[in-house]
Every structure is written in C-alpha cells, then in structure tokens.
Amino acid sequence: MIIGVPKEIKNNENRVGMTPAGVAELVKRGHTVYVQASAGTNSGFPDEEYTAVGAKMLPTIEATYAAAEMIVKVKEPIAPEYKLIKKGQVVFTYFHFAADKILTEAMIESGGICIAYETVEKEDRSLPLLTPMSEVAGRMATQVGARFLEKPQGGKGKLMGGVTGVRPARVLVLGGGIVGTNAAQIAAGMGAEVLITDINLSRLRYLSEVMPKNVKTLYSSMHNIRMELPNIDLVIGSVLIPGDKAPHLITKEMLKMMKPGTVLVDVAIDQGGCFETSHPTTHSEPTYVVDGIVHYAVANIPGAVPFTSTMALTNATLPYTVALANKGWRKACKDDPALALGLNVVEGQVTYKAVADVFGLKYEPIEL
C-alpha cells in the first residue's frame, strides 16, 4: 500500500502522524511511505531520519495526498484539506465528527473512508487510540490550570500546593476516566486538594483505593457539583461519550457561583465541550474570560508537547496502521471488531450511529 504522512496545518499542531520507527515497520513489510517535507521537524524528527529508514519525501501537502492510498495523520482535516481527499482514500486520524457538522459533510462529500482513532473501541469499552493522548491531555490540563491560576494570567493568584500555613488550591475534576485520572494524579502530586467525580460507583471505588490521600471521590450530579463550585479554584472537565457530543456539566448560570479568577480547563472541547460557555481556543490564544471566570479550551492540548505525544500516539496506532496496510481497510476491519468501530464515514455514508444522530443524518451500518 502507498501511505502518506502530511504535515499538520491546524494552528500550533506540532505533532506528526508517524515516527521514523513507524515508517521503518511499514517499509520493512513492502509498503511505500511518502512523508511531506518537514512534517516531523517540530516533533523532533528531521527529514533525514525518515529518509534513512526508507521514506520518500514530498514537497507539498497536495503531493502527499495525491500520492497516497491511505493518509495517516493526527488531527482532523481542516478546510484546505477537504478537496485533497479522494474517493476511496483511507484517512486514519482523530476526527471528532460530533463536534463539527461542516467537517462531517465535507467527508461525506469526499467519498473517503474515514477511520477515527477516537472511536476504535475494544470489548472492555477501552479506547486504545484515545488513551495515550488522554493521558497527555489529562496531565497537561493540570499543568496549564496551575499556570492560569497565576495572577498575571488572570487567575486568583493561588499556588497549587500552597505553602506551610497556607491552604493549597482546590481542584475539581469532572470525569474519572483516563483524562480525569491523570489530571487528578498530577494535581495531587502538586499538593492540591482534589475532588474527582464520576457516575460509575465501581470506578469511584477503584479511584478511592488507588489515588493519593489528598484525592477524594464524589458522585457526579448537578446538585453535588453546584455545592462544590463556590470553593473550587480549578475545574478540569474530562467527560466523554464515545463519538457523541459531551454533556454540559457547568452552565453559564453556574459561573456566578464561582469566585473571579477561577479557572476552567475543558479537555472535552474536541467533542463540543462540557462547559456551556466553552468554545475552541488555540495555543497562540488559549484563554478567554466569561463572567470573571478564565476558560482554557485548546482543542489540541497534546500538540504543545509534540515529541512525547507523537511517540505515545504512534506506539498505539502503528499495529492498526500495519493491519490496514497489509490487509486493506475492509479485511482489517472485518478481522478486528475494535478497528471496525473506527469507521465513521465510508464512501459518502455515515456508519457511526452517534455521529448520524447528532446531525440528524441517515445511519447506514457497514457490511464488511
């Protein structure tokens, strides 16, 4: 198979869809890999490392899409890329369709085969291709939250861990999945008082057993969240419904319950955001203020640490990329039900129910 790895063009997206090690594995199996010039530079992988393992370099994004049967990238295609996707071309990346109707319609029109990392799902409900970026995003959410709590950044001027005789910051983590767990661990390590919520009691029991003593669990209900907000300094939103829009757990009206300078970090912004007042921001302009509350809603948080993120992502995606290249998308998905759940849009048809439901489109199950 001919595989293309384009350079990411989303604002401040520094990751790349494949490391040189990943290219080496595909070339070893007889596949051809085209990499756009400088695609890996910002992740710490210069062109020479790709050519050394057998990649062929192409000068432009247009040439990379044109040459490839399968595109492997990181973020969803943005407007300049829509017309580059060919009928029958496989695009393997994060899509987050439920948060973007224009993207969904563009991919339907393209006739491409869109396999979304975020909906590849194993029998145990785990999301193997979302997990590595969720780990990064969760850890970074606390890092950026701590930064924006500083007064020059618009926050309350609180140190996460406090100091002797001064109480630490209070952190509320909404959602006890991979993102929430990693966010809570880092916040606890910084010395904050941490509260983590979920609606799954089994998950809360597990978290109460494994988390440090400065992390407490709370059942997630609107009433419980409202009770805590007046005393919280940092809220990290990390709820996920695979393939669907995130629910709004904090409404605009609830902002009035928090003190000015409180920070909200919305890690769920890729799926529409879990705060009503959230809208996507970028690394170049990461925050805005509503009713005195600082909102951070960068849609590609892991893009700020591209070396770590690219390594972690390729570790997870490579076995699936190899299967798709070796077998073709149809047989690879037939052989692996987890990968089959990644099929969101196939040759003009919406094949993932949650995406169809969000936009009132016809859902057409795929026959493999």
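On a predicted model such as this, the values are computed, not experimentally measured, just so you know.
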Practice problem: Take R147 and Q143, measure what side chain to side chain contact (heavy atoms under 4.5 Å, CB included) needs, and give me the verdict at the end. | Solution: CA-CA 6 Å; R147 177 183 160 209; Q143 223 171 272; over 6 Å; no
Quiz prompt | Neighbour count above 12 (heavy atom, 6.0 Å) for Y94 OH | solution = yes
Practice problem: Following the transitive rule for hydrophobic clusters with a side-chain heavy-atom cut-off under 4.5 Å over Ile, Leu, Val, Met, Phe, Trp and Tyr, establish whether Y288 and I301 coincide in one cluster. | Solution: no
Quiz item: Any Lys/Arg nitrogen of K75 or D270 sitting under 4.0 Å from an Asp/Glu carboxylate oxygen of the other?
Solution: yes
Self-check item: L234 vs T262 side-chain heavy atoms within contact, under 4.5 Å
Solution: no
Quiz prompt | Expected output: side-chain T64 to main-chain P6 donor-acceptor under 3.5 Å | solution = no
Self-check item: Minimum heavy-atom distance M107-C114, with the two atoms named
Solution: CB-SG, 3.7 Å
Quiz prompt | Minimum-distance pair of heavy atoms, taken over all atoms of S220 and I225 | solution = OG-CD1, 4.0 Å
Quiz item: Is there a chain of hydrophobic side chains (I, L, V, M, F, W, Y, each step under 4.5 Å between heavy atoms) that links F359 to V346?
Solution: no
Quiz item: Given side chains that start at C-beta, do those of P365 and T351 come closer than 4.5 Å, heavy atoms only?
Solution: no
Quiz item: Between S238 (side chain) and I178 (backbone), is there a donor-acceptor pair under 3.5 Å?
Solution: no
Exercise. Considering only NZ, NE, NH1 and NH2 on the basic side and carboxylate oxygens on the acidic side, decide whether R15 and E13 come within less than 4.0 Å.
Key: yes
Quiz item: Would you find a donor on one side and an acceptor on the other, under 3.5 Å apart, between the side chain of E8 and the backbone of V74?
Solution: yes
Quiz prompt | Polar side-chain atom of N224 near backbone of M222 as donor-acceptor pair, under 3.5 Å | solution = no
Quiz prompt | V355 to A98 - nearest heavy-atom pair and separation | solution = CG2-N, 4.5 Å
Quiz item: Other than Y34, which residues form its hydrophobic cluster under the rule that side-chain heavy atoms must be closer than 4.5 Å?
Solution: I2, L58
Quiz prompt | Check: Y117 ring centroid to F95 ring centroid under 6.0 Å | solution = no
Quiz prompt | Reference residue E193; test salt bridge (Lys or Arg N to Asp or Glu O under 4.0 Å); the match among R170, K158, K216 | solution = R170
Quiz item: Within a reach of under 6.0 Å around CD1 of I199, are more than 12 heavy atoms found that belong to other residues, nucleotides or ligands?
Solution: no
Quiz item: Is it true that E135 and R139 have a side-chain N and a carboxylate O under 4.0 angstrom from each other?
Solution: no
Self-check item: More than 12 heavy atoms from other groups under 6.0 Å of NZ on K334
Solution: no
Quiz item: Can you name the nearest heavy-atom pair linking P168 to G191, along with the distance?
Solution: CB-O, 3.2 Å
Quiz item: Going by an N to O cut-off under 4.0 Å, is there a salt bridge joining E121 and R125?
Solution: yes
Quiz item: With a 4.5 Å heavy-atom cut-off, do L195 and V173 have their side chains touching?
Solution: no
Exercise. State yes or no: do I113 and M1 share one hydrophobic cluster built from I, L, V, M, F, W and Y residues joined by side-chain heavy-atom distances below 4.5 Å, directly or via other members?
Key: yes
Exercise. Compute whether any side-chain donor of one residue and acceptor of the other, for K7 and S38, lie under 3.5 angstrom apart.
Key: yes
Self-check item: Residues D233, K259; criterion salt bridge (Lys or Arg N to Asp or Glu O under 4.0 Å); working and verdict
Solution: CA-CA 8 Å; D233 303 304; K259 295 182 178 70; over 6 Å; no
Exercise. Determine yes or no for a side-chain-to-main-chain donor-acceptor pair under 3.5 angstrom, with S110 supplying the side chain and G112 the backbone.
Key: yes
Quiz prompt | Test item: L207 and T217 side chains (from C-beta on) under 4.5 Å apart, heavy atoms | solution = yes
Exercise. Using the salt bridge (Lys or Arg N to Asp or Glu O under 4.0 Å) rule, take E209 and R205 through it: C-alpha gap first, then chi angles, then the decisive distance, then the call.
Key: CA-CA 6 Å; E209 289 171 7; R205 287 190 191 97; over 6 Å; no
Quiz item: When you look at E81 and K73, which way does the salt bridge (Lys or Arg N to Asp or Glu O under 4.0 Å) test go after all the steps?
Solution: CA-CA 12 Å; E81 295 171 273; K73 60 195 305 291; 3.6 Å; yes
Practice problem: For residues I196 and L204, report the shortest heavy-atom separation together with the two atoms involved. | Solution: O-CD2, 4.0 Å
Self-check item: Main-chain N/O of G111 paired with E347 side-chain donor or acceptor, under 3.5 Å
Solution: no
Quiz item: Is it true that atom CG of L201 has more than 12 heavy atoms of other residues, nucleotides or ligands lying nearer than 6.0 Å?
Solution: yes
Practice problem: Give the minimum heavy-atom separation between L149 and G261, together with the two atoms involved. | Solution: CD2-O, 4.0 Å
Self-check item: D266 side chain vs C274 backbone, donor-acceptor pair below 3.5 Å
Solution: yes
Practice problem: Verify, without hydrogens or angle tests, whether R330 (side chain) and E367 (backbone) share a donor-acceptor contact under 3.5 angstrom. | Solution: yes
Quiz item: Does the side chain of L174 reach to within under 4.5 Å of the side chain of F275, using non-hydrogen atoms?
Solution: yes
Practice problem: Check whether any side-chain heavy atom of Y50 sits under 4.5 Å from a side-chain heavy atom of P20, and report yes or no. | Solution: yes
Exercise. With side-chain hydrogen bond (donor to acceptor under 3.5 Å, both in side chains) as the test, would you mind laying out the steps for S134 and N182 before giving the verdict?
Key: CA-CA 8 Å; S134 295; N182 279 271; over 6 Å; no
Quiz item: So, H31 and N326: side-chain donor and acceptor under 3.5 Å apart, yes or no?
Solution: yes
Quiz item: Going by heavy atoms in the side chains, are L255 and I250 under 4.5 Å from each other?
Solution: yes
Self-check item: Check: S278/H295 side-chain N/O donor and acceptor closer than 3.5 Å
Solution: no
Quiz item: Is the backbone N or O of S126 less than 3.5 Å from a side-chain atom of D124, with the two atoms forming a donor-acceptor pair by type?
Solution: yes
Exercise. Classify the side-chain pair R203/T181 by whether it contains a donor and acceptor separated by less than 3.5 Å.
Key: yes
Quiz prompt | Ion pair E109/K83, N-O distance below 4.0 Å | solution = yes
Self-check item: Backbone N/O of Y219 and side chain of T197: donor-acceptor pair under 3.5 Å
Solution: no
Quiz item: Are I85 and Y65 side-chain neighbours, meaning at least one heavy-atom pair lies under 4.5 Å?
Solution: yes
Quiz prompt | ring-ring contact (aromatic ring centres under 6.0 Å, His included): pairs with one or both residues in residues 230-264, sequence neighbours excluded | solution = none
Quiz prompt | K10, NZ: over 12 other non-hydrogen atoms inside 6.0 angstrom | solution = yes
